[in-house]
Q: 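Below is one structure. I have some questions about it.
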Amino acid sequence: MVDGNSAKETGREGITRRRFTLGMLIASIAGAFGSLLALLKVLAPEKKGGGYATTIQPGDVLIYAKGGSAGSPITASSMNVGDAVLAYPTGKSSNPANLVQLIKLEEAAFKPPTDMSLTDKGFVAYSAICTHLGCTVSWMANRESPAASFTECFCHNSIFNPAEGAKVMGGPAPIPLAQIGVKVMQDGTLAFTSDFKGPIGPQV
Amino acid sequence: MIFKWLDERLELRKFKEKFLSKTFPTHPTFLLGETALFSFVTLVATGIFLGFLYEPSTTMVSLFGAMVPAAYASVVKIDLLPMGMIIRRIHHWSAMIMIAAILAHLLRVYFTASYRKPREINWLVGLSLWGTAMIGAFTGYLLPYSQFSVTATSIAYYMAKSMPWIGDWMSRLLFAGDFPSDGTVPRFFFMHVMLIPAALIGLISLHMLILIKQKHTEPKSNKDRKEAQGGRRLIGIPIWPEQAVISLSFFLFLLFVVVLMAAYIPLNPIEMYGPPSPGTPVMRPDWYFLVVYGFLKLVPGDLVFTILGGKITPETIGGVIFPGLNFLAYALVPFIDRSKEPQPYMENPLHRPFMTSLGIGAIIFLCMMAVAGYIDVLHITPRAMTVYALVATAAAWSVSYALLRWYNGKRGNNAKA
């Protein structure tokens, strides 16, 4: 109040020195921080293609995704009814979107909405990436009655029925796992025959 | 000699008179906040050790003939050092204890109504400390870059991404691109060792400064004595030397317990989880995330709706809205249960039927959500678990309310008679 310039003290309206300084201060703080907002753009890198983009081509041979024989081709004779394995297309195992669960069931066990044209000799394959939050699904084998086996995601216990087009039987997954075509080749290995019939990965 | 030299320059005597002789009221539950503080000290100390040896990179390197991410390899090497694994376990256990101690401290403050005027601000600072500590713990999950790390972080990434409107951008900002990307580990490392500890130190300092300014709440048993003295001074022991000795021995005892736990109870065995690989084993988060983890299992998958062009999915509900509403509810506590006059004493929880029963109901609800994290081993369907959780919560709330009302009615009659 030494300057006697405050509007309060002098009763003068309009711009005073104090108000002007305050305005300048607010404007400079807003400007300084506002300019920093541009950095947020830099800190969030642009999408590289985004989400799960599969690179599976029809004709790709299925190989074991994990375990001792990881990388070697899966043979039809090595799997019994009620078995399931995680598989990649050969040479494309660095892309998690390519991970599928290959399952062998009784041919008579399949029910709609399973796409029968995408199955062969009881073999059916689905994306192995849970549609909830992206964990890899596991196979809950039932040795006594293979038809009662099911696919489960251990992260939040979503359950899928492979005999019914991987329909969601329980848990938080929003949509079924996408089916993909497989067939048994003449040399006994398995190969993909189509692309995924539906979206894969978390539906967010 | 040294004291005199320092005193002439820093006026230590004045500092001692002003701060070190401040009174500290005594009550066993006043050690809960100290437990959190001392766990943080242990975390910083062990974190410095780990920081010297850890390599924040996902470049593939050779470890015993196998190609694994450099971050994973560096943590395996830490585990192989003499005392290396025990330091890592002390770090992890201290984080769990710190978060538990903050929770216990919050509950103590809640049930004794110590959040009321003038301490509303410190209640909010305390809540922020709790949240920040959990974010700190979470960013630490990813660093060993094991199968567990990657799965847990991937889940959080999709929860962030599921947010309507801002999710896509927000997830790329937090995780430095689409997870898993090469940028995620360095970014989480920076947050874990720099940003979050700095935020915690800032919040702890603020918490302490407000505490010194406002003075500690006192046990109600001090009331008569204090009024008899007619003074405004707290009744308790001075910080120096009495409280300092208690605190120091308590710190050392806590350290002893943590070292014992670290020595005998395995924790986050990354060698067992292995480096990232296809296939997700059964894994559960640390205890403080069980609530969100369990809740995620209960939200039905078909619960999707759209508001103003933003898609609200079960992941958003479970991962963002549910924790957000929880924190909002806790933050509102001191503004719902208000008092006009400053409250210097702790209340007896038994004399506050409404707030105490509400707290008990909330505890039971959160416990049931944690139990929901185990529906797979308990063989309970999500729907049944939802019903159990709601029934248990309602029962705990109403029964405790009825009992407390009855108790207070009896107490009132006794007082009259």
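Chain A is the first sequence line, chain B the second, and so forth, proteins listed ahead of strands; every chain is numbered from 1. Note that the structure is predicted; figures quoted are calculated from it, not measured.
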Q: Given a strict heavy-atom distance threshold of 4.5 Å, which part of S154(B) is in contact with chain A: side chain, backbone, both, or neither?
A: both
Q: Chain B heavy atoms under 4.5 Å from L99(A): which part of the residue, side chain, backbone, both or neither?
A: side chain
Q: For the CZ atom on F20(A), are there more than 12 heavy atoms of other groups (residues, nucleotides or ligands in this structure) within a distance under 6.0 Å?
A: no
Q: Between Y54(B) and F189(B), is the gap from one ring center to the other below 6.0 Å?
A: yes
Q: If we ignore hydrogens and angles and just use 3.5 Å, is the side chain of H132(A) paired with the main-chain N or O of S158(A) as donor and acceptor?
A: no
Q: Taking all non-hydrogen atoms of both residues into account, name the closest pair between I200(A) and A178(A) and its distance.
A: CG2-CB, 3.7 Å
Q: Listed by residue number, which members of residues 160-173 of chain A have a heavy atom under 4.5 Å from any heavy atom of chain B?
A: G171(A), P172(A), A173(A)
Q: Could you tell me which of M170(B), R187(B), M159(B) has the largest number of non-hydrogen atom pairs under 4.5 Å with chain A?
A: R187(B)
Q: Please walk me through it: do L190(A) and M185(A) pass side-chain contact (heavy atoms from CB on, under 4.5 Å)?
A: CA-CA 6 Å; L190(A) 287 119; M185(A) 308 293 282; 6.0 Å; no
Q: Apply the test salt bridge (charged side-chain N to carboxylate O under 4.0 Å, His left out) to residues K161(B) and D168(B): give CA-CA distance (whole Å), side-chain angles for both, the deciding distance (0.1 Å), then the verdict.
A: CA-CA 5 Å; K161(B) 198 176 163 126; D168(B) 197 56; 3.8 Å; yes
Q: In sequence, state the C-alpha distance, the side-chain angles, and the governing distance for F175(B) and F188(B), and then conclude on ring-ring contact (aromatic ring centres under 6.0 Å, His included).
A: CA-CA 8 Å; F175(B) 294 80; F188(B) 269 45; 5.3 Å; yes
Q: In Å and rounded to the nearest 0.5 Å, what is the OG to CZ distance from S181(B) to R172(B)?
A: 11.5 Å
Q: As an exercise: rank T151(B), L296(B), L298(B) by heavy-atom pairs under 4.5 Å with chain A and give me the winner.
A: L296(B)
Q: Look at V137(A), I129(A), L133(A) and state which one has the largest set of heavy-atom pairs under 4.5 Å with chain B.
A: L133(A)
Q: Apply disulfide (SG to SG under 2.5 Å) to residues C155(A) and C135(A) and explain how you reach the verdict.
A: CA-CA 6 Å; C155(A) 279; C135(A) 299; 2.1 Å; yes
Q: Identify which part of V282(B) has an atom lying under 4.5 Å from any heavy atom of chain A, answering side chain, backbone, both or neither.
A: both
Q: Quick check on I175(A) against chain B: is it the side chain, the backbone, both or neither that has a heavy atom closer than 4.5 Å?
A: neither
